[in-house]
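Report on the following structure.
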Amino acid sequence: MAEHDADREPQPIDEEAAWAAIVAGYGEEPADPPGARPFRSVEDLALIEDEPEVAESPEPKPDAGADKDQERPALGSSVVFAPGVGGPRDFQPSEASAHHPAPTAAGHNGPPAPPPLPEADVTAKFAWLGVVGGPLLLLLAAIFGWDMTWWLTFLGVGGFLGGIATLFARMQHDEDDDDPGRGAVV
C-alpha cells in the first residue's frame, strides 16, 4: 500500500471552503446515529420505561391534562411491592457456610475473631521497647527542650539500633536446601 501512496500526488485542500463549511454549520445539532434513543430529562429518569417513546397521536387523551403530574411518580420514589410478593428486603439467606459466616448478635456478618497473639519473651519485649521508646525519648527531649546529653542520645539512638538488630537477629529463617524458591509446586 505504501508503494501506491508514494506514486499518487497529494490532492490540494481548499482550506477556504473547509472553513466556510465549518462556519456555516456552527451551532447546528449533529444528527443522531441510527438506533440512538432520544434525550430524557431528569424528571423522566424516575419513570419506568415500558417501551421506546413513539411520536404521540395528535388527538389528546381524555385523562391527560391537569392530572398529568399525579400520574408520574415523584423523582426518587421507591417501588412498592404488593402484599405477599417478596421484595429485595424479604431475602433470607439459606444457611451459614465457610465463605459466609453466620450473622453476629448485631445482625451483621463479620469475620471470625482473630487468634490471640503469641506470648513474647522478655528479650523481644525489650527489643520492641528500644525500637519504639528510643525515637520517642528523642522526640520528647526535642519537644520539651531538654539538654541532649550523651546518655540521653545514647539511650535514644542506641535503644533504637539495638532493638532493630535484636529483632532482625531473632527472625525465623526459612532455609531449605531442597527448596529452590517460592515458585509453583507441581
Of all residues at least two apart in sequence or in a different chain, which pass the side chain to side chain contact (heavy atoms under 4.5 Å, CB included) check with Phe144? Leu140, Trp146
Should Leu161 and Leu155 be regarded as members of a common hydrophobic cluster, given that ILVMFWY residues are connected when their side-chain heavy atoms come within less than 4.5 Å of each other, either directly or indirectly? yes
Path from Leu137 to Met148 over hydrophobic side-chain contacts below 4.5 Å: yes
With Asp147 via side-chain hydrogen bond (donor to acceptor under 3.5 Å, both in side chains) - residues at least two apart: none
Using atom types as modelled, flag every donor-acceptor pair under 3.5 Å from a side chain in residues 120-133 to any protein atom, sequence neighbours excluded.
{"from": "Asp121", "atom 1": "OD1", "to": "Ala124", "atom 2": "N", "distance (Å)": "3.3"}
{"from": "Asp121", "atom 1": "OD1", "to": "Arg170", "atom 2": "NH2", "distance (Å)": "3.0"}
{"from": "Asp121", "atom 1": "OD2", "to": "Arg170", "atom 2": "NH1", "distance (Å)": "3.4"}
{"from": "Asp121", "atom 1": "OD2", "to": "Arg170", "atom 2": "NH2", "distance (Å)": "2.5"}

If you take all heavy atoms of Ala141 and Leu152, which pair is closest and at what distance? CB-CD2, 3.6 Å
Counting only heavy atoms not in Ile13, do more than 12 sit closer than 6.0 Å to its CD1 atom? no
